[in-house]
Trainee: 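First the structure, then my questions, so here it is.
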Amino acid sequence: MQVLVMRHGEAGWHTLDQERELTEVGRLHAAECAAQIADSPWRPKLIWTSPYVRARETAAIVSEILNCPVEEKPFLTPDDDPGLCLEALLEHNSSPLLLVAHMPLVGSLSTLLVDGHRHGIPFMTSQAVVLDMPVVGPGCADLKAQFLP
């Protein structure tokens with residue numbers, strides 16, 4: 001299974017974290033990253049996104065460029081346990097799959113899949129990585145590529 005893990009684009013300020021919207025730079029960078037993914041061999045068949053506004057907006061931009069459907073997933077918010085996402089991946093069989101979420105989740109999920117721990121690595125906004133997993137599980141993924149705006 002191939003999973004692309006992407007952090008949402010740059011977002012502005014809002015009193016409610018889940019309502020923060022993308023900035024113009026965030027929109028531009030999300031589109032740049034999506035264009036790179038479109039030109040790669042890892043073009044996703046489906047996008048899973050966090051229900052937060054900035055992630056949904058990022059997923060919509062990416063979806064338009066890649067021409068693939070988007071599904072909202074409640075377990076992709078910033079402080080969710082990456083194990084919940086791993087459980088969902090175990091039940092999913094469409095590959096490649098793109099996840100649009102937030103820090104620290106994208107960092108902790110990536111290290112869980114690659115290294116088997118949840119310490120996390122930093123992600124820039126609009127950054128995406130490609131993880132290839134012959135078997136879905138902790139420590140089973142190899143980092144194949146990354147896309148930066």
Trainee: Quick one, Arg7 and Met103 - any side-chain contact, counting heavy atoms below 4.5 Å?
Mentor: yes
Trainee: Would a hydrophobic clustering, with Ile, Leu, Val, Met, Phe, Trp and Tyr connected at side-chain separations under 4.5 Å, put Val114 with Phe147?
Mentor: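 No: no chain of side-chain contacts under 4.5 Å links Val114 to Phe147.
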Trainee: Would you indicate whether the side-chain heavy atoms of His29 and Glu10 approach each other to under 4.5 Å?
Mentor: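 Heavy-atom side-chain distance check fails, nothing below 4.5 Å.
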Trainee: Please enumerate all residues that pass side-chain contact (heavy atoms from CB on, under 4.5 Å) together with Ser110, with sequence neighbours excluded.
Mentor: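 Result, side-chain contact (heavy atoms from CB on, under 4.5 Å) vs Ser110: Val5, Ile121, Phe123, Val129, Leu131.
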Trainee: I would like to know whether Thr77 and Leu105 meet side chain to side chain contact (heavy atoms under 4.5 Å, CB included); could you show each step before the answer?
Mentor: CA-CA 7 Å; Thr77 63; Leu105 178 66; over 6 Å; no
Trainee: May I ask you to check whether over 12 heavy atoms, not counting those of Gln18, lie within 6.0 Å of atom CD?
Mentor: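 Yes - once you tally the heavy atoms of other residues, nucleotides and ligands closer than 6.0 Å, there are more than 12.
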Trainee: Can you tell me how far the CG atom of Asp115 sits from the SG atom of Cys140, to the nearest 0.5 Å?
Mentor: 11.5 Å
Trainee: Say whether Met1 and Val106 are linked into one hydrophobic cluster, either directly or through other cluster members, by side-chain heavy-atom distances under 4.5 angstrom.
Mentor: yes
Trainee: Given the rule that I, L, V, M, F, W and Y join up when any side-chain heavy atoms are under 4.5 Å apart, are Val62 and Val53 in one cluster?
Mentor: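 Not linked; separate clusters.
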Trainee: Take Lys144 and Leu4 through the test side chain to side chain contact (heavy atoms under 4.5 Å, CB included) and record every step on the way to the result.
Mentor: CA-CA 10 Å; Lys144 291 295 185 183; Leu4 291 87; over 6 Å; no
Trainee: Under 4.5 Å between any side-chain heavy atoms of Ser126 and Glu32, yes or no?
Mentor: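 No; the side chains remain at least 4.5 Å from each other.
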Trainee: Any side-chain to backbone donor/acceptor pair from Arg54 onto Asp17? Under 3.5 Å, distance only.
Mentor: yes
Trainee: Donor-acceptor pair, Ser40 side chain versus Ile37 backbone, under 3.5 Å?
Mentor: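 Present.
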Trainee: Show your reasoning for whether side-chain hydrogen bond (donor to acceptor under 3.5 Å, both in side chains) applies to His8 and Ser50.
Mentor: CA-CA 9 Å; His8 62 79; Ser50 157; over 6 Å; no
Trainee: Is there a side chain to side chain contact (heavy atoms under 4.5 Å, CB included) between Leu76 and Val100 once you walk through the steps?
Mentor: CA-CA 8 Å; Leu76 293 176; Val100 179; over 6 Å; no
Trainee: Not counting sequence neighbours, list each pair that qualifies as a salt bridge (charged side-chain N to carboxylate O under 4.0 Å, His left out) and has a residue in residues 81-101.
Mentor: Asp81-Arg118
Trainee: If hydrophobic clusters are built by linking Ile, Leu, Val, Met, Phe, Trp and Tyr wherever their side-chain heavy atoms come under 4.5 Å apart, do Ile47 and Leu84 end up in the same one?
Mentor: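 They do not share one cluster, since no chain of ILVMFWY contacts under 4.5 Å joins Ile47 to Leu84.
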Trainee: How long is the gap from OG on Ser63 to CG on Leu46, to the nearest 0.5 Å?
Mentor: 9.5 Å
Trainee: Shortest non-hydrogen contact from Leu99 to Cys85?
Mentor: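 Scanning both residues, the minimum pair turns out to be CD1-SG, 3.7 Å.
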Trainee: Pick out which of Thr111, Leu113, Leu112 makes a side chain to side chain contact (heavy atoms under 4.5 Å, CB included) with Pro138.
Mentor: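 Only one of Thr111, Leu113, Leu112 forms a side chain to side chain contact (heavy atoms under 4.5 Å, CB included) with Pro138, namely Leu112.
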Trainee: Between Thr58 and Thr125, is a side chain to side chain contact (heavy atoms under 4.5 Å, CB included) present by the stated rule, with each step listed?
Mentor: CA-CA 10 Å; Thr58 300; Thr125 54; over 6 Å; no
Trainee: Testing the basics here: between Arg20 and Trp13, what is the closest heavy-atom pair and its distance to 0.1 Å?
Mentor: CG-C, 4.3 Å
Trainee: How would you list, by chain and number, every residue that makes a side-chain contact (heavy atoms from CB on, under 4.5 Å) with Arg27, sequence neighbours excluded?
Mentor: Leu22, Glu24, Glu57, Ile61
Trainee: Would a hydrophobic clustering, with Ile, Leu, Val, Met, Phe, Trp and Tyr connected at side-chain separations under 4.5 Å, put Val130 with Leu66?
Mentor: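 In one cluster with Val130: Leu66, yes.
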Trainee: For the atom pair OG1 (Thr49) and CG (Leu98), what is the distance rounded to the nearest 0.5 Å?
Mentor: 8.5 Å
Trainee: Angle between ring planes, His92 versus Trp48, binned at 30° and 60°: parallel, tilted or perpendicular?
Mentor: perpendicular
